[in-house]
Amino acid sequence: MVLSRLNIFHPILWLTDLIGDASSSSIFFCLLLLSVLQGVQCAFNVKFYSVVPTIPGSRLSLIGQILLPQHLLHSFVHSLMGVLVFWCCTVLSRGPYQSLAVPCNTDPSDKDDVQKMCLNERYLFLLLTGAFLGYSYSLLYFIHNMNYLSFPVMQQFKYVQFRRFLPVLLHHSCVQSLYLIRNCTALYFFLGYIPRTWFQGILNLHLDQ
């Protein structure tokens with residue numbers, strides 16, 4: 001929210017708008033929703049923790065493990081949470097990411113004064129990216145045994161372990177997110193017409209040329 005409103009030429013106006021937005025009810029609701037989603041994810045993943053790693057014997061057994069009902073439910077819940085997280089981000093950033101329908105003019109030569117509604121593809125792309133990241137996280141969660149809990153041979157303080165693994169975790173998360181966003185962008189470039197056409201038909205919206 002801070003970076004999306006950054007205005008280095010008018011810092012006073014930027015700070016004033018930032019303080020005003022931070023005290024609004026919509027921002028409070030989004031932050032509360034993000035906190036709830038974080039709690040739901042933690043509570044949901046607790047059921048899958050194990051001290052014994054799951055090592056599939058073949059790729060077929062790995063696919064069968066991914067297609068288990070509880071794992072499919074895990075993927076669906078994380079995809080939904082990814083959409084909600086990105087929806088909260090669009091609300092926090094404001095700008096052109098507020099609704100799937102935006103007023104537009106589909107044909108520059110059209111003399112009609114009636115304003116038409118077009119699909120906001122930026123907003124749609126962000127929501128689909130959230131769903132893709134959520135599903136990808138769930139997929140990698142079981143492929144890489146991220147639910148496996150390992151304990152050190154020698155007992156250590158939790159703070160020491162946390163301080164040691166935090167930089168590695170942050171670096172891995174940033175790199176993995178960039179890879180997933182790259183994959184999502186490439187996938188949307190080739191197959192994005194499918195959800196775009198579907199949403200246009202369902203919501204009866206035009207395409208902004």
Side-chain angles (χ1 to χ4, degrees), residues 30 33-90 100 119 121-156 158 161-162 164-203:
C30 287
L33 180 59
L34 289 173
S35 302
V36 171
L37 290 175
Q38 184 65 43
V40 169
Q41 183 193 21
C42 294
F44 195 70
N45 285 340
V46 164
K47 299 180 180 179
F48 295 94
Y49 287 150
S50 174
V51 294
V52 179
T54 304
I55 303 176
S58 63
R59 293 185 178 180
L60 187 60
S61 60
L62 177 61
I63 295 175
Q65 177 186 341
I66 294 173
L67 295 178
L68 290 174
Q70 61 267 29
H71 292 176
L72 291 177
L73 178 62
H74 186 275
S75 299
F76 173 76
V77 170
H78 277 78
S79 297
L80 182 60
M81 286 195 296
V83 172
L84 291 176
V85 167
F86 269 68
W87 175 79
C88 289
C89 293
T90 59
L100 276 174
L119 179 67
E121 197 168 358
R122 300 179 186 178
Y123 185 77
L124 176 63
F125 174 74
L126 288 178
L127 295 183
L128 293 177
T129 300
F132 181 83
L133 292 179
Y135 176 76
S136 299
Y137 169 79
S138 176
L139 196 63
L140 296 175
Y141 184 80
F142 296 109
I143 292 178
H144 297 312
N145 277 321
M146 295 168 63
N147 59 330
Y148 169 63
L149 297 178
S150 61
F151 297 91
V153 178
M154 298 182 61
Q155 188 175 4
Q156 298 177 347
K158 292 182 180 180
Q161 299 181 52
F162 174 77
R164 185 180 63 181
F165 287 111
L166 182 60
V168 179
L169 180 62
L170 291 176
H171 177 266
H172 174 75
S173 299
C174 292
V175 172
Q176 191 69 33
S177 298
L178 291 176
Y179 276 120
L180 292 178
I181 291 175
R182 180 202 63 183
N183 297 340
C184 180
T185 304
L187 188 65
Y188 186 83
F189 180 80
F190 291 105
L191 301 176
Y193 68 92
I194 298 176
R196 183 172 61 236
T197 306
W198 188 79
F199 275 99
Q200 281 183 246
I202 292 296
L203 302 176

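Numbering of residues begins at 1 and proceeds along the displayed sequence. Owing to the predicted nature of the structure, the values given are computational and were not obtained by experimental measurement.
- Between Leu127 and Val83 the shortest heavy-atom distance is O-CG2, 3.6 Å.
- At most 12 non-hydrogen atoms from other residues, nucleotides or ligands lie less than 6.0 angstrom from OH of Tyr179.
- The environment of Tyr49 atom OH is dense: over 12 non-hydrogen atoms of other residues, nucleotides or ligands sit within 6.0 angstrom.
- Inter-residue side-chain proximity for Tyr123 and Phe86 is flagged as unmet; no heavy-atom pair is nearer than 4.5 Å.
- With hydrogens and angles disregarded, a donor-acceptor distance shorter than 3.5 Å links the side chain of Asn145 to the backbone of Thr54.
- With rounding to the nearest 0.5 angstrom, the OH atom of Tyr137 is 16.0 Å from the CZ atom of Phe132.
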**Study point:** side-chain contact (heavy atoms from CB on, under 4.5 Å) between Phe48 and Met146, worked out
**Key:** CA-CA 10 Å; Phe48 295 94; Met146 295 168 63; over 6 Å; no
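- Atoms NE2 and CD1, from His74 and Ile66 in turn, are 12.5 Å apart once rounded to the nearest 0.5 Å.
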**Study point:** Worked check of side-chain contact (heavy atoms from CB on, under 4.5 Å) between Arg122 and Leu126
**Key:** CA-CA 6 Å; Arg122 300 179 186 178; Leu126 288 178; 5.8 Å; no
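- Distance check: Cys184 SG to Phe125 CZ gives 5.0 Å after rounding to the nearest 0.5 Å.
- Shortest non-hydrogen contact noted between His71 and Ser138 is O-OG, 4.3 Å.
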Exercise for review: Please assess Asn45 against Tyr141 for the test side-chain contact (heavy atoms from CB on, under 4.5 Å), listing each intermediate value before the final yes or no.
Suggested key: CA-CA 10 Å; Asn45 285 340; Tyr141 184 80; 3.7 Å; yes
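- When every heavy atom of Ser61 is checked against every heavy atom of Ser58, the shortest pair comes out as OG-O, 2.7 Å.
- Side-chain contact between Tyr188 and Leu124 is present, with heavy atoms from C-beta onward closer than 4.5 Å.
- Taking CD1 of Ile194 as the reference point, atom CG of Leu128 lies at 11.0 Å (rounded to 0.5 Å).
- Put simply, CG on Leu33 and CD on Gln38 are 12.0 Å apart, with the number rounded to the nearest 0.5 Å.
- Taken from CG in Leu119 to OG1 in Thr197, the straight-line distance is 9.5 Å, to the nearest 0.5 Å.
- Minimum interatomic distance between Leu72 and Leu67 (heavy atoms only, all atoms of both residues): CD1-O, 3.5 Å.
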Exercise for review: Take Phe44 and Leu73, measure what side-chain contact (heavy atoms from CB on, under 4.5 Å) needs, and give me the verdict at the end.
Suggested key: CA-CA 10 Å; Phe44 195 70; Leu73 178 62; 4.1 Å; yes
